[in-house]
Amino acid sequence: MSGVQIPAEFDLPQTLDCGQAFRWRPTPEDSETWCGAAYGRYLTLRRVGNQLELDCSQGDMDGVWRAYFDLSEDYARIRGELSDLSPVLKEAAEFAPGIRILRQEPWEALCSFIMSQNNNISRIKGLVNNFCRMFGGKIPGTDMRSFPGPETVAALSLEDLEPLRSGYRAPYILDAARKVVEGEIDLQRIVREPTGYGREELRKIKGVGPKVAECALLYGFHKTECFPMDVWMKRAMAQLLPGMAPEDFGPNAGLAQQYIFHYSRRHPELFL
DNA sequence: AACCAGGGTGATG
DNA sequence: CATCACCATGGT
């Protein structure tokens, strides 16, 4: 068990159930305890007072989860900077100040958001979890499976993917895996290079357009200026922040987008 | 039954 | 560059 002083701006449901990652859920025994998997590891975690308790070794705490939950970043400062941009954005941020941008694995984020296109979040969760259950490797000591790597996926056929029922997205998944495995797209180089490089590269994949690329870059490559525009965000921007464009939000536009996205989904009555 | 969902593609103005 | 039918699937 590893415990860390929880940052002021960190809320588990706000961060783990806001549509950026699809494998986290409350445990059946205790709705305050969350479980999920990333980087080939299973984890349960919960808040106890002002401590964050993670059921993991100190090595995994320092080597994986501290980065995954972006614990070194000062979200209070960023929230303050974003709040200065617009009163509406300030209100959205105050509604869910505990949202953080997770540092997911590049391939998992890319592949997950390929599956996300023209789907609702609950079905995306089902698809991603079935994908892992069918093709992911066993994580020792649990019944959870890791997200299948690009090599595993590239070896699959459309027939293999048929029981997943991912519809017309199946060939997109295979194309992404093949381009990664063959080195046509270098995920680690996208991490290093400026955002524009990643935008160009990811869109070489069939089924990856502006929105999916933006999500992958933000959640999987931690390109924090990315600002995914889905159907919800288009409605929200027109209604709440007319006249503002993604570039207006600066280097942390991605967090602003999460504030607005979350706020909009929790206030559907604003869009009748 | 028609419409929608964290869209993209390809064809056509 | 803007629009638009179409795409597979499951939920309302």
Side-chain angles (χ1 to χ4, degrees), chain A residues 13-25 92 96 99-102 104 106 108-131 133-134 147 156-179 185 198-241 245-246 249 253-272:
Chain A
Q14 286 173 15
T15 297
L16 298 176
D17 195 27
C18 67
Q20 62 173 317
F22 303 104
R23 299 201 66 199
W24 296 97
R25 53 180 170 79
I99 294 180
R100 303 175 81 84
I101 305 292
L102 299 172
Q104 301 181 60
E108 175 171 343
L110 171 61
C111 195
S112 296
F113 279 96
I114 287 174
M115 296 187 217
S116 80
Q117 76 154 351
N118 203 16
N119 262 331
N120 56 60
I121 290 183
S122 68
R123 195 160 97 92
I124 299 165
K125 289 178 183 173
L127 273 179
V128 171
N129 280 295
N130 285 338
F131 189 63
R133 198 162 47 77
M134 286 189 278
F147 196 94
L156 299 174
S157 66
L158 284 176
E159 293 73 31
D160 295 326
L161 280 177
E162 202 281 331
L164 181 62
R165 312 287 296 165
S166 60
Y168 56 81
R169 305 161 193 84
Y172 300 163
I173 295 168
L174 297 186
D175 186 61
R178 186 183 58 76
K179 285 189 165 71
I185 292 179
R199 288 193 173 115
E200 283 185 19
E201 290 297 297
L202 292 181
R203 291 190 56 175
K204 293 177 179 173
I205 300 167
K206 291 172 193 162
V208 176
K211 193 273 176 180
V212 170
E214 213 70 357
C215 283
L217 288 167
L218 177 58
Y219 305 124
F221 298 83
H222 207 70
K223 302 297 185 185
T224 56
E225 76 274 35
C226 288
F227 192 94
M229 284 282 266
D230 66 343
V231 291
W232 287 87
M233 282 303 296
K234 286 173 185 169
R235 281 199 292 261
M237 291 301 289
Q239 178 94 14
L240 268 36
L241 295 158
F249 294 98
L255 184 60
Q257 190 270 1
Q258 278 297 91
Y259 289 146
I260 298 163
F261 180 75
H262 186 265
Y263 183 83
S264 302
R265 294 202 49 120
R266 299 300 165 101
H267 296 87
E269 71 279 3
L270 293 173
F271 308 99
L272 297 179

Qualifying residue for side-chain contact (heavy atoms from CB on, under 4.5 Å) with A/Leu217, from A/Pro228, A/Pro106, A/Cys226: A/Cys226

5' precedence on DNA chain C between A/Gln117 and A/Ser122 (nearest-nucleotide basis): A/Gln117

Which whole-number value in Å describes the distance from [X] [atom1] to [N] [atom2]?
X        : N     : atom1 : atom2 : result
A/Ile121 : B/dC4 : CD1   : P     : 18 Å
A/Lys125 : B/dA5 : NZ    : P     : 17 Å
A/Phe271 : B/dA5 : CZ    : P     : 12 Å
A/Tyr172 : B/dG7 : OH    : C1'   : 9 Å
A/Arg199 : B/dG8 : CZ    : P     : 13 Å
A/Asn120 : B/dC3 : CG    : P     : 18 Å
A/Lys204 : B/dT9 : NZ    : P     : 14 Å
A/Trp232 : B/dC4 : CH2   : P     : 12 Å

Remember a base hit wins even if backbone is also touched, and classify [X] as base, sugar-phosphate or nothing at under 4.0 Å, heavy atoms.
X        : value
A/Tyr219 : base
A/Gly207 : sugar-phosphate
A/Gln258 : base
A/Arg169 : base
A/Arg123 : base

Ring geometry between A/Trp232 and A/Phe271 (parallel below 30°, tilted from 30 to 60°, perpendicular above 60°): perpendicular

Is [X] salt-bridged to [Y], going by a charged N under 4.0 Å from an acidic O?
X        : Y        : result
A/Asp230 : A/Arg235 : no
A/Lys204 : A/Glu201 : yes
A/Lys179 : A/Asp175 : yes

Closest-nucleotide ordering on DNA chain B, the 5'-leading residue of A/Arg235 and A/Val212: A/Arg235

Watson-Crick or G-U wobble mate for C/dG11, both contacts under 3.5 Å: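 Checking every strand shown, C/dG11 finds its partner in B/dC3, with both distances under 3.5 Å.
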
Heavy-atom side-chain contact between A/Glu214 and A/Met229 under 4.5 Å: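 The answer is no, as the side chains (C-beta and beyond) never meet within the 4.5 Å cut-off.
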
A/Asp17 vs A/Trp24 side-chain heavy atoms within contact, under 4.5 Å: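 SC-SC contact between A/Asp17 and A/Trp24 ruled out.
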
Distance-only donor-acceptor test, A/Tyr168 side-chain atoms vs B/dG7 base atoms, 3.5 Å: yes

Opening and closing nucleotides of DNA chain C in contact with chain A, under 4.0 Å to non-hydrogen atoms: C/dC7 to C/dG10

